[in-house]
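Take a look at the following structure, please.
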Amino acid sequence: MTIRSLNELIHSGLAAESDRQGLGPVVEQFAVTLSDEVTAILAKVPAEDLPHDPIARQYIPRAAELEPDPLAVDDPIGDARFTPIKGLTHRYPDRVLLKPLEVCAVYCRFCFRRETINQGESPLNETELQTIYDYLAARPKIWEVILSGGDPLLLSPRRMAKIVARLAAIPHIGVLRIHTRIPVVEPSLITDDLIAALKSRLPVFVLLHSNHPREFTEAAVAAIARLVDAGIPMLGQSVLLRGINDSAEVLTALFRRMIELRIKPHYLHHTDLTAGTAEFRTDIGDGIALLRSLRGKVSGLCHPHYMIEIPGGAGKIPLTYPWAKPLADGSGQWLIESPDGLVYDYPLQG
Ligand SMILES: *Cc1c(COP(=O)(O)O)cnc(C)c1O
Ligand code: SF4
């Protein structure tokens with residue numbers, strides 16, 4: 001069952017009747033959407049566990065979302081400055097985000113696009129898409145197009161095939177990337193027709209957004225296998241979320257699960273400063289220490305880059321543990337820490 005309102009949330013037992021008044025204003029501002037697959041996962045969770053359940057917390061609204069949020073900024077990743085035309089974000093020289101629609105199969109409470117997702121905005125029409133193709137065709141430095149949104153895998157196979165064909169016809173475009181949550185939240189949409197629609201001269205990389213190992217249901221596992229078996233490489237992106245996946249145990253399980261399904265963990269995003277998401281934020285130092293704690297213990301395949309976005313549009317920046325430090329004495333000597341925490345000086349070169 002798909003849930004799109006507070007009423008449906010209460011009727012399915014995912015919110016209490018006594019929450020109605022408190023949540024009313026929240027859902028007026030921030031939509032509610034839970035897909036079939038997510039609802040099925042939550043149907044197995046006892047009501048008393050819902051407030052702390054790592055899947056439930058990603059989607060079920062809370063009154064705290066309207067509390068004053070002094071750290072919040074309006075455009076937490078600074079996209080607005082880099083939107084030359086509707087539906088296109090061009091921040092980096094060699095790649096652009098193309099957002100064909102502002103619709104998702106779920107509505108994630110922590111999302112930095114929560115102000116625009118599932119608020120009734122229509123998908124880009126043919127004229128708007130044509131303006132984007134003209135923009136891309138006129139700029140030979142653009143090598144990669146990233147379909148984002150919204151969730152681009154909600155497009156019908158017919159519309160997807162058209163977009164892919166138009167992009168493949170631009171000779172300097174070398175790769176197409178798709179950011180999506182569909183394989184885990186609405187796996188039934190990963191049909192043969194959709195996969196066929198992704199075929200063109202362009203390699204397609206699918207970046208799956210998943211935050212918890214329990215998201216990989218039987219149907220999700222099958223949908224991912226259909227994509228990878230079709231020759232589509234998959235990478236994982238996750239958001240570090242307080243109380244949901246900010247522990248070595250959960251992250252290890254999440255990244256191992258991805259690898260087992262042939263998905264390479266790629267980015268772990270630091271939660272940004274979107275209004276109403278304070279309950280999910282983690283400390284940068286804790287995040288770096290958490291990832292550092294996996295080094296040496298967990299297969300190198302499982303380590304994503306931990307990334308932060310600076311408000312104002314400086315872009316994505318890796319938060320890396322300083323394993324190597326130059327000695328301050330100007331000798332050119334480096335001190336290097338091992339995963340066991342021992343510090344070695346590395347012999348001078350040359
Ligand atoms: C995140 C993002 C990209 C992709 O950056 P990568 O580091 O290549 O994943 C491109 N454009 C915009 C505007 C982005 O926000
Ligand atoms: S854009 Fe991604 S994170 Fe945001 S609501 Fe849609 S599926 Fe969730």
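For ligands, and for the atoms within them, numbers begin at 1 and follow the listed sequence. All values below come from the heavy atoms of this structure, side chains included, with hydrogens, waters and symmetry mates left out.
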Closest approach of any protein heavy atom to atom 2 (C) of ligand 1, naming residue and atom
K316 NZ, 2.5 Å
If the test is side chain to side chain donor-acceptor pair (under 3.5 Å), which one of W323, Y321, Y344 qualifies with E337?
Y321
Can you tell me if S35 and E186 form a side-chain donor-acceptor pair at under 3.5 Å?
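Checked: S35/E186 side chains show no N/O donor-acceptor pair below 3.5 Å.
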How are the rings of Y107 and F30 set to each other: parallel, tilted or perpendicular (split at 30° and 60°)?
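Plane angle between 30° and 60°, so tilted.
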Qualifying residue for side chain to side chain donor-acceptor pair (under 3.5 Å) with R281, from D69, T271, T274, D246
D69
Just checking Q21: does its CD atom have more than 12 heavy atoms from other residues, nucleotides or ligands closer to it than 6.0 angstrom?
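Open: at most 12 neighbouring heavy atoms sit under 6.0 Å from CD of Q21.
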For atom 9 (O) of ligand 1, grab the closest protein heavy atom and report residue, atom and distance to one decimal in Å.
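Ranking protein heavy atoms by distance from atom 9 (O) of ligand 1, first comes R177 NH1, 2.8 Å.
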Check whether R114 reaches the backbone of R109 with its side chain - one donor and one acceptor, N or O, closer than 3.5 Å.
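Between the backbone of R109 and the side chain of R114 there is a qualifying donor-acceptor contact (under 3.5 Å).
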For ligand 1, is any non-hydrogen atom under 4.0 Å from Y92's backbone (N, CA, C, O), its side chain (CB onward), both, or neither?
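Side chain only.
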Salt bridge flag under 4.0 Å for residues D229 and R262
yes
With heavy atoms only and a cut-off of under 4.0 Å, state how H269 meets ligand 1: side chain, backbone, both or neither.
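The answer is neither; H269 stays 4.0 Å or more away.
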I need the atoms of ligand 1 closer than 4.0 Å to a non-hydrogen atom of Y267, numbered in the order shown.
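Close to Y267: 6 (P), 7 (O), 9 (O).
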What protein N, O or S atoms come within a distance below 2.8 Å of atom 8 (Fe) of ligand 2, ordered by chain and number?
C108 SG
Can you name the residues that form a ring-ring contact (aromatic ring centres under 6.0 Å, His included) with F216, not counting sequence neighbours?
none
Could you check L290, T282, N211 and say which one makes a side chain to side chain contact (heavy atoms under 4.5 Å, CB included) with N245?
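Testing N245 for a side chain to side chain contact (heavy atoms under 4.5 Å, CB included) against L290, T282, N211 leaves exactly one candidate, N211.
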Identify the closest protein heavy atom to atom 8 (O) of ligand 1: which residue and atom is it, and at what distance?
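Here the nearest protein heavy atom works out to R95 NE, 2.7 Å.
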I'd like the name of whichever of L97, I317, L235, I146 reaches closest to atom 4 (C) of ligand 1 through any heavy atom.
I146
Decide whether T191 and D193 meet the rule of one side-chain donor and one side-chain acceptor closer than 3.5 Å.
no
Which of the numbered atoms in ligand 1 are under 4.0 angstrom from any heavy atom belonging to T89?
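So the atoms of ligand 1 that pass are 13 (C).
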